[in-house]
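For reference, the structure is listed below as structure tokens.
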Amino acid sequence: QKIMDRTPQELRDFLRSQGYKYLMLDSMSIGYLKKYSNYTKNETLERFPKVAQEIIDSNVFRPVYQSKSVIILQVN
């Protein structure tokens, strides 16, 4: 299953299982997600903000840094 098809909880569980403590979302994420998904570039550009907002709004990640171009979230 691809990252944009997972719930925030599933993503958190995967990141924990791999030993990650943080998740960074920025403009480079869009290129990575396009490369490793079945979505077209336009679909990725449309879907990414929605997925990012779901992750940010979930209680399984905690924002630790945010600027205009990046947000870093701690895996809870």
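Because the structure is a prediction, the values reported are computed rather than measured.
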Is there side-chain contact between Ile71 and Pro63, with heavy atoms separated by less than 4.5 Å? yes
**Asked** Hey, any chance Tyr65 and Val60 share a hydrophobic cluster, counting ILVMFWY side chains that come within less than 4.5 Å of each other, even indirectly?
**Response** no
### Message
Does either side chain, that of Tyr39 or that of Asp5, offer a donor lying less than 3.5 Å from an acceptor on the other one?
### Response
yes
Task: Residue pair Val70 / Leu25, side-chain heavy-atom distance below 4.5 Å - done: no
With heavy-atom distances below 4.5 Å as the criterion, would you say the side chains of Thr44 and Thr40 are in contact? no
**Asked** Within a strict 4.5 Å, meaning less than it, do heavy atoms of the Ile72 and Leu23 side chains meet?
**Response** no
Value for CD (Gln53) from OG (Ser58), rounded to nearest 0.5 Å, stands at 10.0 Å
When rounded to the nearest 0.5 Å, the distance separating NZ of Lys21 from CG of Leu15 is 12.0 Å
- Task: Flag yes if Ile55 and Met28 sit in one hydrophobic cluster, no otherwise; membership is Ile, Leu, Val, Met, Phe, Trp, Tyr, and two members link when side-chain heavy atoms are under 4.5 Å apart.
- Result: no
Note: Met4 and Arg47 closest approach over all heavy atoms is O-NH2, 2.6 Å
So if you build clusters from Ile, Leu, Val, Met, Phe, Trp, Tyr with side-chain heavy-atom gaps below 4.5 Å, do Met24 and Leu73 land together?
no
With heavy-atom distances below 4.5 Å as the criterion, would you say the side chains of Leu33 and Phe48 are in contact? yes
Minimal heavy-atom distance between Pro8 and Phe61, with the atoms involved, is O-CE1, 3.6 Å
Can you find a pair of side-chain heavy atoms, one from Lys50 and one from Glu46, that are under 4.5 Å apart? yes
Go through the steps for Asn59 and Asn76 under the test side-chain contact (heavy atoms from CB on, under 4.5 Å), then give the verdict. CA-CA 8 Å; Asn59 62 354; Asn76 287 335; 5.9 Å; no
Item checked: Arg6 charged N/C atom sitting above Phe14 aromatic ring, 6.0 Å / 45° -> yes
Starting from the C-alpha separation in whole Å, work towards a yes-or-no answer on side-chain contact (heavy atoms from CB on, under 4.5 Å) for Val64 and Gln74. CA-CA 6 Å; Val64 293; Gln74 184 176 22; 3.9 Å; yes
- Could you tell me whether the side chain of Arg12 reaches within less than 4.5 Å of the side chain of Val75, counting heavy atoms only? yes
Smallest heavy-atom separation, Glu43 atom then Asn38 atom, equals OE1-O, 4.4 Å
*Is it true that a side-chain atom of Asn42 and a backbone atom of Leu45 form a donor plus acceptor pair closer than 3.5 Å?*
no
